[in-house]
Amino acid sequence: MEKTLIFGHKNPDTDTICSAIAYADLKTQLGHNVEAVRLGNISGETQFALDTFKAEAPRLVETVANEVKTVILVDHNERQQSVSDIDQVRVAEVIDHHRIANFETSGPLYYRAEPVGCTATILNKMYKENGKSVPKNIAGLMLSAIISDSLLLKSPTCTDEDVAAARELADIAGVNLESYGLDMLKAGADLSDKSIAELVSLDAKEFKMGEYKVEIAQVNAVDTNDVLSRQAELEAALNSIIESKGLDLFVFVVTDILNNDSIGVALGRLSKAVEQAYNVTLVDNKAVLKGVVSRKSQIVPVLTDTLNKF
């Protein structure tokens with residue numbers, strides 16, 4: 001039986017890494033030859049989860065066609081967010097909770113996308129549907145993914161299904177949901193040792209919004225000044241990326257995990273779209289985005305709608 005690789009998007013977050021590991025476990029239990037891999041570096045938040053539940057980080061790969069013929073995507077579907085040679089392999093499955101865009105295959109596949117806050121919530125159901133138990137350490141990783149994507153169940157993307165799955169997985173993992181969740185988020189929000197290059201790539205995704213190319217990066221912080229005190233250096237890095245990729249807009253979002261607001265730094269020829277989308281004025285290329293914490297539901301669709309009118 002030929003191996004299939006399972007992976008999430010570039011610049012992986014906790015859901016991408018933990019869902020790849022979890023789905024690899026489920027597929028292995030079902031008798032498939034699979035391996036979870038990753039397309040980028042592990043964040044501090046994700047490493048905290050891996051360390052807590054004694055799990056190894058998936059192997060880093062830059063290409064996949066040199067290894068396998070078939071892959072499974074988790075936590076993404078847009079091709080610009082995936083491995084560079086995705087067009088050279090067969091996508092057998094997609095398990096995701098994002099919009100569907102810039103995605104097509106030459107043959108049929110198993111595609112499961114649900115409007116929930118986290119891929120791991122879908123996987124929790126799939127374990128049950130297949131009559132398999134979630135191992136204790138895998139439950140901890142899946143819980144970590146839900147906590148990360150929902151900002152400890154506070155994000156507007158969080159559904160009742162996510163809450164129920166988180167509580168169930170916390171019981172299996174043997175941890176206190178609130179205390180573990182806060183510790184994990186704080187580990188991810190410690191940006192003191194991060195370079196600007198690391199900050200801008202830590203959790204960045206590129207999107208096609210109509211005819212425009214937009215990149216949105218997001219970091220969580222306890223104190224947003226940990227990032228914004230280096231704004232000049234940050235802007236230089238963002239402008240370099242805009243030029244090299246031919247982007248129309250780069251939005252760098254710093255989310256305060258304590259008050260659930262964000263500050264957006266917008267650069268590029270269409271930076272005015274941010275002002276229009278959120279009814280704010282950019283001062284020194286930045287603005288407070290009150291109550292905005294979710295890229296998936298509060299940034300991508302809002303900017304897409306605004307840019308479609310440009």
Checking salt bridge (Lys or Arg N to Asp or Glu O under 4.0 Å) for the pair R112/E129: CA distance, chi angles, key distance, verdict?
-> CA-CA 13 Å; R112 185 159 180 168; E129 292 163 2; 2.8 Å; yes
Quick one: do I86 and V89 satisfy side-chain contact (heavy atoms from CB on, under 4.5 Å)? Show the steps, please.
-> CA-CA 6 Å; I86 189 69; V89 292; 4.2 Å; yes
Are L169 and I17 connected in the hydrophobic side-chain network, where two residues link if heavy atoms are under 4.5 Å apart?
-> yes
Is N137 close to K54 at the side-chain level, that is, under 4.5 Å between some pair of heavy atoms?
-> no
Euclidean distance, I196 CD1 relative to R230 CZ, rounded to 0.5 Å | 4.5 Å
Take V280 and V288 through the test side-chain contact (heavy atoms from CB on, under 4.5 Å) and record every step on the way to the result.
-> CA-CA 8 Å; V280 296; V288 175; over 6 Å; no
Test item: R90 side-chain N/O and A92 main-chain N/O as donor-acceptor pair under 3.5 Å | no
Side-chain touch I146/L153, heavy atoms, less than 4.5 angstrom = yes
S155 side chain to T157 main-chain N or O, any donor-acceptor pair under 3.5 Å?
-> yes
Verify whether one side chain among H9 and D75 offers a donor that lies under 3.5 Å from an acceptor in the other.
-> yes
Take V68 and T4, measure what side-chain contact (heavy atoms from CB on, under 4.5 Å) needs, and give me the verdict at the end.
-> CA-CA 6 Å; V68 296; T4 295; over 6 Å; no
Do N176 side-chain atoms and S179 backbone N/O form a donor-acceptor pair below 3.5 Å?
-> yes
Given side chains that start at C-beta, do those of V91 and Y111 come closer than 4.5 Å, heavy atoms only?
-> no
Atom pair OG (S19) and CD1 (I122), whose distance is rounded to the nearest 0.5 Å = 8.5 Å
Is there a side-chain contact between R38 and R59 (heavy atoms, below 4.5 Å)?
-> no
Go through the side-chain N and O atoms of T121 and N124 and say whether any donor and acceptor fall under 3.5 Å apart.
-> no
Looking only at atom types and distance, does a side-chain atom of D248 sit under 3.5 Å from a main-chain N or O of Y212, one as donor and one as acceptor?
-> no
Full working for side-chain contact (heavy atoms from CB on, under 4.5 Å) between L26 and K132 | CA-CA 7 Å; L26 175 57; K132 299 298 181 182; 4.0 Å; yes
Are V293 and V254 co-members of a hydrophobic cluster defined by side-chain heavy atoms under 4.5 Å apart?
-> no
Can you tell me if T28 uses its side chain to pair, donor with acceptor, with the backbone of A24 under 3.5 Å?
-> yes
Decide salt bridge (Lys or Arg N to Asp or Glu O under 4.0 Å) for E78 and R99; before the verdict, give the C-alpha distance in whole Å, the side-chain angles of both, and the deciding distance to 0.1 Å.
-> CA-CA 9 Å; E78 299 187 49; R99 71 174 192 173; 2.8 Å; yes
Parallel, tilted or perpendicular: which describes the rings of H76 and F7, with under 30° parallel and over 60° perpendicular?
-> tilted
Close side-chain approach of E93 to K27, heavy-atom, < 4.5 Å = yes
R167 atom CZ, over 12 foreign heavy atoms within 6.0 Å | no
Going by atom types only, do D25 and Q29 share a side-chain donor-acceptor pair under 3.5 Å?
-> yes
Value rounded to 0.5 Å, distance of CG in N77 from CG in N102 = 8.5 Å
L5 and V37: which non-hydrogen atoms are nearest, and at how many Å?
-> CD2-CG1, 4.0 Å
T52 vs D183 side-chain heavy atoms within contact, under 4.5 Å | no
Between L282 and G264, the two heavy atoms sitting closest are CD2-O, 4.5 Å
What's the spacing between D13 CG and C18 SG if we round to 0.5 Å?
-> 9.0 Å
Just wondering, more than 12 heavy atoms not from K296 lying within 6.0 Å of its NZ?
-> yes
Say whether T119 and D15, considering side chains only, have a donor N or O and an acceptor N or O under 3.5 Å apart.
-> yes
Counting only N and O atoms by type, is there a donor-acceptor contact under 3.5 Å from the side chain of R295 to the main-chain atoms of I216?
-> yes
For the pair D149 (side chain) and C118 (backbone), establish whether a donor and an acceptor sit closer than 3.5 Å, ignoring hydrogens and angles.
-> no
Single-linkage hydrophobic cluster V116~L152, side-chain heavy atoms < 4.5 angstrom = yes
Mark yes when over 12 heavy atoms from residues, nucleotides or ligands other than D223 sit less than 6.0 Å from its CG; otherwise mark no.
-> yes
Kindly say whether D284 contributes a backbone atom to a donor-acceptor pair with the side chain of Q231 at under 3.5 angstrom?
-> yes
Would a hydrophobic clustering, with Ile, Leu, Val, Met, Phe, Trp and Tyr connected at side-chain separations under 4.5 Å, put I241 with L249?
-> no
Any luck finding a side-chain donor-acceptor pair between T255 and Q218 under 3.5 Å?
-> yes
Begin with the C-alpha distance, continue with both residues' side-chain angles, and end with the deciding distance and a verdict on salt bridge (Lys or Arg N to Asp or Glu O under 4.0 Å) for K125 and E161.
-> CA-CA 10 Å; K125 289 193 283 188; E161 289 187 52; 2.8 Å; yes
Mark yes or no for whether D51, through its side chain, and F48, through its backbone, hold a donor-acceptor pair below 3.5 Å.
-> no
Pairwise distance CG(L202) to CD1(I42) - rounded to 0.5 angstrom = 10.5 Å
Could you tell me whether the side chain of Y127 and the main chain of A22 form a donor-acceptor pair under 3.5 Å?
-> yes
Beyond-backbone contact of N11 with Q81, side-chain heavy atoms, under 4.5 angstrom = no
Enclosure of N279 CG (heavy-atom neighbours >12, cutoff 6.0 Å) = no
Just wondering, more than 12 heavy atoms not from K69 lying within 6.0 Å of its NZ?
-> no
Could you give the distance from CG (D203) to OG (S148), rounded to the nearest 0.5 Å?
-> 8.0 Å
Of all heavy-atom pairs linking A55 and L141, the shortest is CB-CD1, 3.8 Å
Connected via hydrophobic side-chain network under 4.5 Å: V219 and V222 | no
Side-chain contact, heavy-atom cut-off 4.5 Å: E215 with F252?
-> no
Start with the C-alpha distance between E45 and T14, add both sets of side-chain angles, then the distance that settles side-chain hydrogen bond (donor to acceptor under 3.5 Å, both in side chains), and finish with yes or no.
-> CA-CA 7 Å; E45 177 188 278; T14 300; 2.6 Å; yes
State, to 0.1 Å, how close A49 and S144 come at their nearest heavy-atom pair, and which atoms those are.
-> CB-OG, 3.4 Å
What closest approach, in Å, do A217 and F250 show between heavy atoms, and which atom pair accounts for it?
-> CB-CE2, 3.8 Å
